[in-house]
Amino acid sequence: MRFSSLHMAKFSRSLCSSSSQNHWSPQNLFKQGFTPTLQSINQFLYFLLSSHRFDLIAHFVSQMSGNRVQGNSQTHSISAWALLKLNMFEEAERFIKTHMPKSSTFSKDPIWDCLIVGFSIHGKDPDRAFTLLQDSLMDYGVLPAYSTFRSLIHSLSSQGKITRALEVLELMNDDRVNYPYDNFVCSSVISGFCKIGKPELAIEFFHNSLNVKALKPNLVTYTALVTALCDLGRVNEVSELVCRMREEGLVLDVVFYSNWISGCLREGMLKDALQKHYDMVKEGIMSDAVSYTILIDGLSKQGSVEKTVGFLHKMVYTKLKPGLVTYSAIMLGFCRKGKVVEAFTVFELVKNLGIELDEFVYGILVDGFCRQGNFKLVSELLDEMETTGIRPSIITYNTLINGLCNAGRTSDADELSKGILGDIVTYSTLLQGYVEEDNVVRILDTIQRSKDAGISLDMMMCNILLKAHFMVGAIDEAYALYKGMQRMGLVADSVTYCTMIDGYFKVDRIDEALETFDEFRKSPISSVACYNCLISWLCKKNLVEMAMDAFLELIEKSSTLDAALTKNGGVLAAYELIMGPNDNVQGMDVVDYSLVVDGLIKEGHHIKALDICDIAEKRMNLRPSEVTYSTLIDNLCREGYLVDAKQLVDKMVVNGYRISTHVYNSLVNCYCKTGQIGEALKILSNMDTERLKPDEFTVSVVINGYCQSGNMEQALGFFSECQSKGTSPDFLGYLLLIRGLCTKGRMEEARSILREMLKSQSVLQLLSSVDNLSQTELVDGFLASLCDQGSIKEAVMIFLEAKSNIGDSLWTVCTDIEIHEDNTNIGKHSVQWKVHRTKGELKNVQ
DNA sequence: TGTACATAAG
């Protein structure tokens, strides 16, 4: 008999609703007098296939074979498809291999494509997929589709299985296959190389693609290339690349920019990163959640978590959802600043949002609480992980081990490590812990343990081992390891050299130390730390002349001495040298002195900086530059050394320098802050006689002085006096005045000052450039000092009234203000603010 | 269609 389609539909309906599947098993069909032909069975199976009842097909087919009903190739094909659709890849493979004929003629068969892609993507087993690809080509005469090759290369690359991916490429190149090579493949492989930490190979691969395969790279390939460049710290080369891309007519997108920005951030180039972000926005490219997360992560790591919350607001405002990664980055930022309570608040917020947690989040908190020595909470977190079913990996264990070591509990960490399978980080951390503790026995023990565990050394481990060897007095072993590094393909870095030099000096083997230093000089590594290590030891050993030589060489070598001096105590070494008993510092000129002075100022050694100025003048008759003087005066004022600052101003006059407004401002500011407005006004009249006009800053600090002492009348008077002379306060000056009026309840006047402010060119410029994020630091500075002075809710309220002409920029400012005020209440506030913002009910914000 | 974001050790 033949199934009519009506019959079929009825039959099928009963299948779906029937309580017992046995009604339609072949057994029952036979019992009920059905003797379906193979053709009708196939038709039925095909019907099931097209109505997506794959489970029924599988069941039916197994019943068929149970009843010895043989299918034909069509039956098999349908069965195989059903298994594939059910993601039963193993079964599908077996089925296909037993039922499909082998052949040597090349033809296409989508079922193989589906199987291969199934394993490589859904089954997450691209290795198996690769084997199948080979089988299909070699044994079954099936040529999988181009897209199958590509998707296999992609999943192999994304798992870092580059060798395999390249094998697939080879196959694509095979005469019988001869598929083209394109950007899809190229970008995947480049990113694969980066994933396994071989960006240099990624770049080589890229150039090969261009030269050998004549590939014309597109945006995605270039984006992958940028990752490789940034991984190598070569972010500076990206601009040039971008020029080339633009010449080729390519238009950048958010992913490209994100990559670039991420590279800048990793190199510590915060300003550049923010500038790129601004450029991107200006080009009309919308930020997405990932690009914001990259910025947030970068800011967090630079120690500016507070600013990240501004970006969070911005994300929410632009309807982007911060994800777990975003919040993790913020938590990390708080933890790094020791603000674990804030980090924990964010953690709770994430939980409340119903976001599923992962090991990362816990790892960050574990690290944070370890650093606080709060191991009770750490253990609670670990318990929580267990109950949530998140298994700690070696990374979390290492975090904990590191935490214990840093807390001086290395032996506890050691115990913990014995219960897990340690990796290279585990052992280097433990070793480092024992080195810190000077524990020779345990150092030797740990070295042995890591050897037994078959840990192969990397550079970090070597550096720690070197230190450990020196510590236990195994100098020759240290030397042997140092020499052996090259054989292991490990290149000594600055830490290696410092460790060797330091170690040799400690045991008084000065010749060897100098020899190592010589090797360092011949190496391509430039490290100020090594110089400083040597210099400070030479000083300690009373080899001052040699130290001076080294110091002069350092100055000569460093293109930017000031960068050189500010790191690793170099500036203090310079100070000691200059102030030392010998006066053989002829090599230094006025620029060098200024750099040392600036370095000392930057590190907060103001009095030492003064010393250097003095000695330079006395010994060499060298005078600091005007900039050096000004900076020093400014910093002395900031630190409250008003007398020294004034003396220095006098000295400037004696030395024939004209005193600039900037220098006067430093003094005025200092007087105002310490409540000596009378003195400040004297400076003002001084300025007047010298025909120096007060600037925005001058006006602002004087207003601040009056406000602080509650003298609103005089503040207002001074304000209008300056206004009439054509000088307005700056942004902060206005805000301080407004705030002062608000706290006195003089809202009407506050509002009129606000209206004045919104007419001020410089304020408008500042506000409109808030989106230009390199400016936010400036605004942040204002806001931070504002908030230092107490509640500013009133100012914020008035601000919000003025929404119309500033728009989004204002929004950013306001949220920033809020953040500065209270950054622990992120969740609660942001929701409130958002609601008011969207309803346009800005006036009602409480 | 591929490309971008988070935890540990010197």
Side-chain angles (χ1 to χ4, degrees), chain A residues 146-147 150-151 153-155 157-158 182-192 194-195 202 217-228 230-231 252-263 265-266 287-298 300-301 322-333 335-336 358-368 370-371 392-406 413 422-433 435-436 458-468 493-496 498-499 529:
Chain A
Y146 183 33
S147 61
R150 288 202 309 196
S151 94
I153 286 178
H154 176 243
S155 60
S157 298
S158 65
D182 65 8
N183 277 293
F184 186 107
V185 171
C186 184
S187 53
S188 300
V189 175
I190 290 175
S191 112
C194 292
K195 270 200 188 97
N218 67 4
L219 178 63
V220 177
T221 301
Y222 278 124
T223 307
L225 179 66
V226 168
T227 310
C230 291
D231 283 354
L252 310 192
D253 68 355
V254 65
V255 182
F256 186 93
Y257 266 112
S258 301
N259 250 331
W260 195 3
I261 289 169
S262 159
L265 290 167
R266 270 185 280 163
S287 291
D288 62 8
V290 174
S291 71
Y292 272 121
T293 303
I294 288 168
L295 277 174
I296 286 172
D297 180 58
S300 274
K301 286 186 175 144
L324 186 59
V325 181
T326 321
Y327 289 113
S328 300
I330 293 172
M331 287 166 60
L332 178 82
C335 284
R336 292 245 170 122
D358 64 3
E359 195 200 344
F360 273 95
V361 188
Y362 281 102
I364 291 165
L365 282 179
V366 165
D367 189 46
C370 277
R371 282 173 205 275
S393 72
I394 186 68
I395 291 186
T396 303
Y397 282 116
N398 285 339
T399 308
L400 185 54
I401 287 168
N402 179 46
L404 287 165
C405 288
N406 287 334
D423 68 358
I424 191 160
V425 177
T426 318
Y427 289 106
S428 45
T429 308
L430 285 173
L431 209 46
Q432 173 65 20
V435 167
E436 291 289 317
D458 67 358
M459 242 218 342
M460 256 194 214
M461 185 66 168
C462 277
N463 289 341
I464 300 169
L465 267 177
L466 286 174
K467 217 167 166 183
D493 69 356
S494 63
V495 179
T496 316
C498 282
T499 309

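Lettering follows sequence order; numbering is per chain, from 1. Quick caveat, the model's predicted, so the values are computed rather than measured.
- For A:S191, counting side-chain heavy atoms from C-beta on, the closest listed nucleotide (B:dA6, B:dT7, B:dT3) is B:dT3.
- Residue A:D367 contributes atom CG, which lies 7 Å from atom C1' of B:dA8 at whole-angstrom precision.
- A:S187 contributes no side-chain N or O that forms a donor-acceptor pair with the base of B:dT3 under 3.5 Å.
- Counting only N and O atoms by type, the side chains of A:N259 and A:T227 include a donor and acceptor under 3.5 Å apart.
- Using a 4.0 Å heavy-atom cutoff across all strands shown, A:D182 reaches no nucleic acid atom at all.
- Counting only N and O atoms by type, the side chains of A:T293 and A:T326 include a donor and acceptor under 3.5 Å apart.
- A side-chain donor-acceptor contact under 3.5 Å links A:N463 and A:T496.
- Whole-Å rounding puts the A:L365 CG to B:dA6 P distance at 17 Å.
- The interatomic distance linking A:R150 (CZ) with B:dT1 (C1') rounds to 5 Å, in whole Å.
- Residue-level contact check: A:D458 touches the bases, meaning some heavy atom is under 4.0 Å from a base atom.
- A:N406 has its side chain out of reach of A:E436: every pair of non-hydrogen atoms, C-beta onward, lies at least 4.5 Å apart.
- Contacts of A:N183 with the nucleic acid, taken as non-hydrogen atoms under 4.0 Å apart, include base atoms.
- Atom-to-atom, CD1 of A:I294 to P of B:dT3 comes out at 14 Å; the value is rounded to the nearest Å.
- Using a 3.5 Å distance cut-off with no hydrogens or angles, the side chains of A:D423 and A:T426 do pair a donor with an acceptor.
- Checked against B:dT7, B:dG2, B:dC5, the side chain of A:I364 finds its nearest nucleotide in B:dT7.
- Taking atom CD on A:Q432 and atom P on B:dG10, their separation rounds to 5 Å, with Å as the unit.
- Among the atoms of the strands shown, base atoms are found under 4.0 Å from some heavy atom of A:S258.
- In terms of phosphate contacts, A:K195 brings no side-chain nitrogen or oxygen within less than 4.0 Å of OP1 or OP2 of B:dG2.
- At a cut-off of 3.5 Å, with distance as the only test, no side-chain donor of A:N398 or A:Y427 sits close to an acceptor on the other residue.
- The side chain of A:K467 has B:dG10 as its nearest neighbour among B:dA4, B:dG10, B:dA9.
- A:T227 comes within 4.0 angstrom of the backbone, heavy atoms only, and of no base.
- Listed nucleotides: B:dC5, B:dT7, B:dA9. Nearest to the side chain of A:V290: B:dC5.
- In this structure, the nucleotide among B:dA8, B:dT3, B:dG10 sitting nearest to the side chain of A:T223 is B:dT3.
- Side-chain nitrogen and oxygen atoms of A:R336 include at least one within less than 4.0 Å of the OP1 or OP2 phosphate oxygen of B:dA8.
- Within 4.0 Å (heavy atoms only), A:T399 reaches sugar-phosphate atoms of the nucleic acid but no base atom.
- Atoms CG (A:L430) and C1' (B:dA9) sit 10 Å apart, rounded to a whole Å.
- Across the protein-nucleic acid pair, A:Y292 atom OH and B:dC5 atom P stand 18 Å apart, rounded to whole Å.
- Using a 4.0 Å cut-off, some side-chain N or O of A:N402 falls inside it from OP1 or OP2 of B:dA9.
- Counting to the nearest Å, the C1' atom of B:dA4 and the CG atom of A:D288 are 8 Å from each other.
- At the heavy-atom level, A:R266 lies nowhere under 4.0 Å from the strands shown.
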